[in-house]
Undergrad: 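Structure below; questions to follow.
Atoms within a ligand are numbered from 1 in the order they appear, just like the ligands themselves.
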Amino acid sequence: MEIDYKKIGLKVGLEIHQQLDTSAKLFCSCRPELFKEEPEITFLRGLRPTQSELGQVDPAAYFEFQKGVKVLYEANRATSCLVEMDEEPPHPLNPEAVETVLTVALMMKAKPVDEIHVMRKTVIDGSNTTGFQRTCVIALDGEIKVGEKTIPIQHAGLEEDAARKTSEESGNVTRYRIDRLGIPLIEIATAPVIKSPEEAEQVALAIGRILRTTGKVIRGLGTIRQDVNISIPNGALMEIKGLQELDLVPLVVEYEVQRQINLIEIAEELNRSAAKQENLEEEFFDVSPVFKQTKCKVIRKALDANQQVLAVKLPKFNGFLKRELMPGFRLGTEMADRARFWGRVGGIFHTDEMPAYGITTEEVEELRKMVGAEDADAVVFVADKAENTKDALRAVLERAREALKGVPAETRAPNADGTTRYMRPRPGAARMYPETDIPPIQITKDYVKKVNMRLPELPEQKLEQLTKAYKLNQKLAKQILDSEYGELFETIVKESNVSPTTVAAFMTETAKALKRDGVRVENVSDNQIREIFRAVGSGRLTKEAVPEIVNWLSQHENSIVDDAINKIGLKMLSSEELEKIVDSVIESNRSLIEERGVNAFGPLIGMVMKEVRGKANAASVSELVKKRLERAYKK
Ligand SMILES: [Zn+2]
């Protein structure tokens with residue numbers, strides 16, 4: 001779908017969260033790290049809807065509580081203490097984290113607040129042991145330049161990261177690991193002034209560059225999460241939460257606009273076809289008898305387990321459920337998402353996709369008869385436990401009612417292909433209240449002055465410096481800035497004696513290619529990367545061997561580069577060893593040399609390199625082969 005974003009009046013705002021690389025967590029002295037081993041400690045907690053001190057309960061929070069979910073928390077001693085377990089009050093705010101946010105804020109010309117007040121934001125999906133997330137604003141009203149445009153920054157703040165889900169619910173228990181809980185997150189929010197999908201990506205990139213100049217951000221997948229707020233006139237404000245890949249930003253915006261345009265169109269058509277709110281009645285039919293002999297596996301399984309098939313009629317909705325909203329995603333998909341969320345069912349069936357899944361035309365006809373559906377009506381049905389089917393169909397009805405009005409405001413989560421799915425209703429306004437365990441912290445004028453004196457260079461300045469000092473072209477210099485290794489580049493070039501272009505090529509192309517191949521490059525630390533290039537610089541390692549070394553180190557944490565060199569057998573050959581190999585290649589290719597003379601050089605080099613790749617550098621191989629070839633030829 002070709003969309004004129006200006007014409008439709010798209011407005012996008014971004015909220016970027018990035019983990020900070022501090023020496024301790026935000027409210028305790030635990031290390032901000034994740035662990036991979038089996039947990040040393042587990043504890044089970046029930047969810048409860050925390051009442052704010054104003055006595056309000058957030059509806060989204062209350063809903064999650066109603067689902068009756070219990071949470072099993074996993075921990076180990078190195079990465080969590082009583083604070084994360086909510087058995088001990090939080091310690092004072094980590095000053096290192098505060099200073100990093102203040103640095104970024106000042107680079108964005110934001111005005112620091114006089115006093116930092118930590119607030120509690122209700123979340124009871126279990127991702128916080130306390131039932132809330134601690135958050136604070138550190139500066140307000142900044143701006144950044146993106147191309148020619150000034151993008152207002154509404155605020156820069158600091159938050160504690162949440163626990164991470166280690167498994168989906170099985171029954172009513174969800175597992176969370178609390179190692180991530182309490183890792184400091186910087187939060188940067190722009191005003192909703194972004195007007196196109198591409199611009200959204202540009203702004204996200206620009207903010208990322210500024211964050212990285214501090215040298216204080218953790219890198220790797222999952223360390224940055226962006227919330228994208230999208231709205232169009234006559235649509236609704238949509239919050240898409242937790243986008244981890246920057247490349248997906250423009251696609252997510254594009255698809256969301258498509259979705260809203262299509263929903264608005266569907267609402268108009270439904271109203272014209274005389275669909276009505278009051279006809280969407282909560283009248284459910286047990287249609288299990290229709291499927292007595294069914295070949296549909298899902299239904300068969302449910303009936304065999306003494307569950308039921310429950311159906312509801314959606315008058316005048318025939319044909320609308322199969323209408324595509326974004327690629328591979330229909331109004332029916334949207335209803336299924338709701339049913340899964342509110343009813344905890346696997347999915348729904350509806351007449352717009354029938355016959356399918358082993359359900360026959362005859363069964364569909366009988367089903368329609370049983371619920372009294374006419375041709376213009378759609379029927380939705382669910383096979384599951386009785387109470388689940390009812391909740392699921394109620395959610396479907398609710399979504400159908402909303403379809404008559406247009407676009408419902410929601411919080412959505414991104415899928416890997418750029419489409420989104422329903423996450424939960426938009427939270428109400430009762431989400432924030434003061435954290436009484438932490439006293440306010442003053443930001444004095446003197447402190448601001450001090451931080452101001454040692455601000456890092458802005459990305460524009462850095463870019464100019466990179467092109468000048470290291471003779472990198474604009475494109476490569478930009479890629480360095482946008483890579484996760486920007487701040488490492490200069491250190492490595494200075495200490496390793498390796499050419500800037502070689503280092504740059506690793507940080508851009510090679511690292512990307514390795515990631516594409518599934519190598520967890522983020523497991524290799526800055527120090528290890530420095531060590532690798534020192535080895536290249538001193539001739540202990542060839543630059544061709546770098547990817548293999550990185551790959552090995554990514555799978556063997558706590559190893560050193562020499563381990564990798566030895567284990568992979570990439571030790572540089574001594575000149576004697578190299579000579580031996582060259583001689584044997586020459587010896588076994590006598591006839592080739594006689595036949596082609598000096599022209600045998602190319603193929604011979606190829607053969608030698610194949611044997612010594614990563615263990616000898618190309619220049620010395622070439623020199624040696626040339627010498628030996630001349631000698632052999634002259635003989
Ligand atoms: Zn702790």
Side-chain angles (χ1 to χ4, degrees), residues 17-48 50 70-102 116-138 157-167 174-187 214 216-220 222-225 242 432-441 522-523 525 557-558:
H17 304 93
Q18 167 112 45
Q19 288 178 348
L20 295 180
D21 193 6
T22 45
S23 52
K25 285 187 177 178
L26 197 49
F27 297 109
C28 65
S29 46
C30 291
R31 283 210 310 266
E33 274 173 20
L34 307 184
F35 70 93
K36 299 190 182 75
E37 306 77 35
E38 285 299 302
E40 294 169 352
I41 306 158
T42 58
F43 53 102
L44 192 69
R45 298 260 169 95
L47 295 178
R48 50 187 182 200
T50 353
K70 280 200 159 43
V71 184
L72 188 71
Y73 291 105
E74 306 173 336
N76 77 354
R77 285 183 181 82
T79 60
S80 32
C81 63
L82 293 173
V83 172
E84 287 92 333
M85 294 175 192
D86 193 26
E87 301 285 359
E88 184 187 310
H91 307 178
L93 205 49
N94 178 342
E96 191 188 357
V98 172
E99 185 161 323
T100 305
V101 177
L102 192 57
I116 302 172
H117 293 267
V118 178
M119 304 290 285
R120 296 173 170 183
K121 190 155 62 171
T122 309
V123 268
I124 64 154
D125 60 358
S127 61
N128 287 63
T129 48
T130 49
F132 52 79
Q133 178 191 30
R134 299 187 182 95
T135 173
C136 59
V137 170
I138 292 191
L158 194 51
E159 296 192 333
E160 57 179 349
D161 204 345
R164 59 188 172 115
K165 213 180 247 187
T166 39
S167 78
T174 310
R175 274 173 180 262
Y176 279 97
R177 195 163 277 203
I178 60 173
D179 48 4
R180 200 178 70 178
L181 181 60
I183 293 183
L185 286 176
I186 183 171
E187 180 187 59
T214 62
K216 287 264 185 197
V217 297
I218 302 182
R219 60 166 177 253
T223 60
I224 188 159
R225 272 157 274 149
M432 295 263 237
Y433 54 106
E435 165 61 86
T436 40
D437 287 336
I438 301 167
I441 299 170
E522 66 271 16
N523 287 351
S525 71
E557 277 171 77
N558 307 319

Undergrad: Run the side chain to side chain donor-acceptor pair (under 3.5 Å) test against Gln18 and tell me which residues pass, sequence neighbours left out.
TA: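 Gln18 satisfies side chain to side chain donor-acceptor pair (under 3.5 Å) with no other residue.
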Undergrad: With sequence neighbours left out, what residues match Glu37 under side chain to side chain contact (heavy atoms under 4.5 Å, CB included)?
TA: Phe35, Asn76
Undergrad: Using a distance threshold of 2.8 Å, what protein N/O/S atoms lie below it relative to the Zn ion (ligand 1)?
TA: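 Atoms qualifying: Cys28 SG, Cys30 SG, Cys81 SG, Glu84 OE1, Glu84 OE2.
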Undergrad: Which atoms form the tightest heavy-atom contact between Ser127 and Leu181, and what is the distance?
TA: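 It is O-CD1, 4.1 Å.
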Undergrad: Return the set of residues passing side chain to side chain contact (heavy atoms under 4.5 Å, CB included) with Glu33 (not counting sequence neighbours), or none when no residue passes.
TA: Arg31, Thr79
Undergrad: What I want to check is whether the side chains of Thr135 and Glu187 have a donor and an acceptor closer together than 3.5 Å.
TA: no
Undergrad: At what distance, to the nearest 0.5 angstrom, does NE2 of His117 lie from CD1 of Ile138?
TA: 12.0 Å
